[in-house]
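A quick write-up on the structure given underneath.
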Amino acid sequence: MSRTTDRRGGRDDSLQVVVVDDSPFMRGLISDLLTDAGVAVVGEAGDGAEALSVVAETRPDVVTMDVEMPGMGGLEAVERLMDETPTPVLMLSAHTAEGAEVTFEALERGAVDFFSKPGGEVSAGVSRESDRLVEAVRSVAGADLAAATRDRRERDAAGGGPSAAASGASTPSASAASADLDGPLTVVIGASTGGPNAVERVMSALPTADCRIVIVQHMPEAFTPRFADRLDEASAYDVREASDGARIGSGEALVARGGSHTRIDSYRSGRLRVNLDEDDSQSVTPAADVTMRSAAEVVDGPLVGVVLTGMGSDASEGIRAMADAGARTIAQSEDTCVIYGMPKRAVETGGVDEVCDLDDVAGAIVGGEA
């Protein structure tokens, strides 16, 4: 087995990657896909222990890490890597509920993002989605690793560890138990890379109030039910995955279902009704732009739009539409973003009222309500 390789291909060796997978075929496939896109694969490893050695030797910009491997698996390898040779990690996870669970744990341990292997024949699926894989690798390379690992560092400082992470999300803040609002408040939150931990942090700090929330996190369909469960465990809100025709009221939240867009269909007497739309004209699914634009069109009460960490420009049109409709708008600060892409593009529209550090977002959501 080759520990270090040189697959630069003479095109663009500015981005260097180590590929970790126990399957030689998968290592070769992923390496070839990246090389064909001009990404330099400078090393390969078949398990977590070997990965630590190869990464220390090659010092790549990104590591693609399989989750299930013999010996040292991906979870332990990510944690060890963050301690020994901090490097942005893109997890390669199964497109299943079990894959979702272990992927969320990997994100808690310091991985930046994940690439969900499609169901069925894995190798064919990866080949079909090669552009998405390459885009994910490039976005992870630009991540702020300090922001990506902040939750883990704080947990470790407080005496936590992997077992604490595996047990679930943080609990709601006792110091922010409730808040009084003048009227029913509707909140739409959009996020992508780095978003699972960021959204969880905001929701766990958000006080109970006359508030209903729709969360749009770029995530595949197999993952959004478990993400909703985690937010439900972490927060004072009743959180569930969106379904067609779902209604929510005070103290409730919906997570947009992966693979479709969530549109706010109606708003009456403080209750929202949503419908699901599989329109494929958007560059990402679910798209925050779709949900935010529908909120701007339908909600006639107090409205807040929030853009958190993420790659790309999704939510920029939506936040502008919400601002034009009179909503308050918030973007996460560059200093606390894993990827300052979506918030940056939102700010550039001129439609953002307030830029906040992540830990101040929850207070800004309810605190700005007069």
(message) Any side-chain to backbone donor/acceptor pair from Thr329 onto Asp353? Under 3.5 Å, distance only.
(response) yes

(message) Just to verify, what does Arg293 make a salt bridge (charged side-chain N to carboxylate O under 4.0 Å, His left out) with, not counting sequence neighbours?
(response) Glu317

(request) Specify the closest pair of heavy atoms between Phe223 and Ala100, including all atoms of both residues, with the distance to one decimal. (result) CE2-CA, 3.4 Å

(request) Mark yes or no for whether Arg153, through its side chain, and Ala146, through its backbone, hold a donor-acceptor pair below 3.5 Å. (result) yes

(request) Output yes when a side-chain donor or acceptor of Asp289 lies under 3.5 Å from a complementary backbone atom of Asp314, and no otherwise. (result) no

(request) Kindly give the heavy-atom pair with the smallest separation between Pro343 and Cys337, and that separation in Å. (result) CG-SG, 3.7 Å

(message) Using a strict threshold of under 4.0 Å (side-chain N to carboxylate O), is an ion pair present between Arg152 and Asp83?
(response) yes

(request) Examine distances only and state if a side-chain atom of Asp22 and a backbone atom of Pro70 form a donor-acceptor pair shorter than 3.5 Å. (result) no

(request) Answer yes when Arg59 and Asp61 have at least one side-chain N-carboxylate O distance shorter than 4.0 Å, and no when they do not. (result) no

(request) Just grab all the side chain to side chain donor-acceptor pair (under 3.5 Å) pairs involving residues 339-349, residues at least two apart or on different chains. (result) Lys344-Glu348

(request) State whether the number of non-hydrogen atoms from other residues, nucleotides or ligands found under 6.0 Å of Glu135 atom CD is greater than 12. (result) no

(request) Could you walk me through whether Val361 and Ile189 pass side chain to side chain contact (heavy atoms under 4.5 Å, CB included), step by step? (result) CA-CA 11 Å; Val361 170; Ile189 300 173; over 6 Å; no

(request) Give, for atom CG of Leu90 and atom OG1 of Thr64, the distance between the pair rounded to the nearest 0.5 Å. (result) 6.5 Å

(request) Enter the distance from Ile30:CD1 to Asp66:CG here, rounded to the nearest 0.5 Å. (result) 7.5 Å

(message) As an exercise, state the distance from OG1 of Thr309 to CG of Leu358, rounded to the nearest 0.5 Å.
(response) 9.0 Å

(request) To the nearest 0.5 Å, tell me how far Thr336 OG1 sits from Asp357 CG. (result) 5.0 Å

(request) Please name the pair of heavy atoms, one in Asn197 and one in Leu107, separated by the smallest distance, quoted to 0.1 Å. (result) ND2-O, 3.3 Å

(request) Using only heavy-atom distances, determine whether the side chains of Glu241 and Thr224 contain a donor-acceptor pair under 3.5 Å. (result) yes

(message) For Ala136, is there any backbone N or O sitting under 3.5 Å from a side-chain donor or acceptor partner on Ser139?
(response) yes

(message) Checking the side chain of Tyr237 only, and the main-chain atoms of Pro207 only, is there a donor and an acceptor separated by less than 3.5 Å?
(response) yes

(request) Let me see the working for Glu50 and Met69 under side chain to side chain contact (heavy atoms under 4.5 Å, CB included), right down to the final yes or no. (result) CA-CA 11 Å; Glu50 187 178 25; Met69 296 180 290; over 6 Å; no

(request) Return yes if a side-chain donor-acceptor contact under 3.5 Å exists between Gln16 and Thr58, otherwise no. (result) no

(message) Given 3.5 Å as the limit, does a donor-acceptor pair link the side chain of Arg212 with the main chain of Asp210, or not?
(response) yes

Side-chain donor-acceptor distances from residues 253-263 under 3.5 Å, at least two apart:
from   : atom 1 : to     : atom 2 : distance (Å)
His261 : ND1    : Ala287 : N      : 3.1
His261 : NE2    : Asp279 : O      : 2.9
Arg263 : NE     : Asp277 : OD2    : 2.7
Arg263 : NH2    : Asp277 : OD2    : 2.9

(request) Take Glu105 and Glu101 through the side chain to side chain contact (heavy atoms under 4.5 Å, CB included) test and state the conclusion after the steps. (result) CA-CA 7 Å; Glu105 186 173 345; Glu101 183 61 39; 5.6 Å; no

(request) Take Val89 and Val140, measure what side chain to side chain contact (heavy atoms under 4.5 Å, CB included) needs, and give me the verdict at the end. (result) CA-CA 7 Å; Val89 173; Val140 166; over 6 Å; no

(message) Among Leu145, Val63, Thr87, exactly one meets side chain to side chain contact (heavy atoms under 4.5 Å, CB included) together with Val112. Which residue is that?
(response) Leu145

(request) Find the distance between CD (Glu252) and CZ (Arg240) and round it off to the nearest 0.5 Å. (result) 5.0 Å

(message) I'd like to know if the side chain of Ser23 reaches the main chain of Met26, judged simply by a donor and an acceptor atom lying under 3.5 Å from each other, with no hydrogens or angles considered.
(response) yes

(message) Quick one: does any side-chain atom of Arg27 pair with a main-chain N or O of Val20 as donor and acceptor, under 3.5 Å?
(response) no

(request) Output the distance between atom CG (Asp265) and atom CZ (Arg273), rounded to the nearest 0.5 Å. (result) 4.5 Å

